[in-house]
Amino acid sequence: MTPTFFSRLAWSGARSLTAALLVVSLGACTNIRNDRTRTQTEGAMAGGVGGALLGAGIAAILNGGDPRAVIVGAATGAAGGGLAGAAYGHAVAKKKETYAKKETALDAELAGLKRQIAARGQYNAQLKKLVATKEQQLTAVLAADHSAGPPASEWELRTSTIGKISEIDREARSWQETIDAHKAVLSRAGSEARSVELQTGIDELREERAKLLHQRERLSAINQKLVQ
């Protein structure tokens, strides 16, 4: 048998070995449940297979097809490629985990934002009814007999209206702080797919705050009419 025959045999053996390694590694990766471990293993195996082929090829060229050199080259390439592939797999797995954590954080942010919008909407609905009641009270106060001085109902209306305005001012500041906090999250989200949904929620929260301030204006108008 000639050296060429042995070199071909060695090269064929190296390719068969890497092919078998690829099949076994893919089967092993399929049974790994943990995504991080599976990604790292896939990277190591792919790097090992590629490194083995590359190492065998380089060894064959540099050593004239010497069978032992081809096999050693394949083994060395597999080891080096496996390490490089594992490092790459680790980087990919870490990137996946970071993305998953970011998605989870955005999900929580959106869920909290929706709850806040619902709560603000309920507050405004109740406030709107209260303001309507105060306006009816104002009509009654203005129609009452003032010959003996302001009626007791006027004093009660004035003090309750002033108290409610103070409460609304506190709520308005709190709602703005909440809006600013969500805007900060939006700025960090960048071009994430959820950014549009987050922006929509922020806009809805702004609308609720605008409705709050509108009810404040109605209450202020009541006090102005009482002064007249």
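Because the structure is predicted, anything quoted here is derived from the model rather than measured.
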Hydrophobic clustering (ILVMFWY, side-chain heavy atoms < 4.5 Å, transitive) - are Leu157 and Leu142 grouped together? yes
Side-chain H-bond candidate by donor/acceptor type, Gln176 with Arg173, under 3.5 Å: no
Could you walk me through whether Glu197 and Lys114 pass the salt bridge (charged side-chain N to carboxylate O under 4.0 Å, His left out) check? CA-CA 10 Å; Glu197 191 175 352; Lys114 289 178 181 178; 3.4 Å; yes
Are side-chain heavy atoms of Arg209 and Leu213 found at a separation under 4.5 Å? yes
With a 6.0 Å cut-off (strictly less than), is the heavy-atom count around NZ of Lys134, excluding the residue itself, greater than 12? yes
Can you measure from CG (Leu130) to OG (Ser160) and round to the nearest 0.5 angstrom? 8.0 Å
What's the separation between atom CG in Leu110 and atom CZ in Arg115, rounded to the nearest 0.5 Å? 10.5 Å
About how many Å separate CD1 of Ile117 and CZ of Arg120, when rounded to the nearest 0.5 Å? 9.5 Å
Heavy-atom check, side chain of Thr161 versus side chain of Leu138, under 4.5 Å: no
For the student: nearest non-hydrogen atoms of Lys164 and Leu127, plus distance: CE-CD1, 3.7 Å
Do you know the tightest heavy-atom contact between Val185 and Leu198? CG1-CD2, 4.1 Å
side-chain contact (heavy atoms from CB on, under 4.5 Å) for Lys128 and Arg218? Distances and angles first, verdict last. CA-CA 10 Å; Lys128 185 177 181 180; Arg218 292 174 64 185; 4.1 Å; yes
Here the gap from Gln215 atom CD to Glu171 atom CD, rounded to the nearest 0.5 Å, amounts to 13.5 Å
Donor-acceptor contact present, side-chain Ser174 to main-chain Arg170, <3.5 Å: no
Got a second to check how far Leu113's CG is from Glu109's CD, nearest 0.5 Å? 7.0 Å
To the closest 0.5 Å, what do you measure between CG (Leu205) and CD1 (Ile179)? 4.5 Å
List for me each residue that meets side-chain contact (heavy atoms from CB on, under 4.5 Å) alongside Ala181, sequence neighbours excluded, and say none if there are none. none
With side-chain contact (heavy atoms from CB on, under 4.5 Å) as the test, would you mind laying out the steps for Glu135 and Thr139 before giving the verdict? CA-CA 6 Å; Glu135 288 173 339; Thr139 301; 5.8 Å; no
Heavy-atom side-chain contact between Ile165 and Asn223 under 4.5 Å: yes
Should Val196 and Gln199 be marked as a side-chain contact (heavy atoms from CB on, under 4.5 Å) after you check the CA-CA gap, both sets of side-chain angles, and the distance that decides it? CA-CA 5 Å; Val196 175; Gln199 180 64 66; 5.8 Å; no
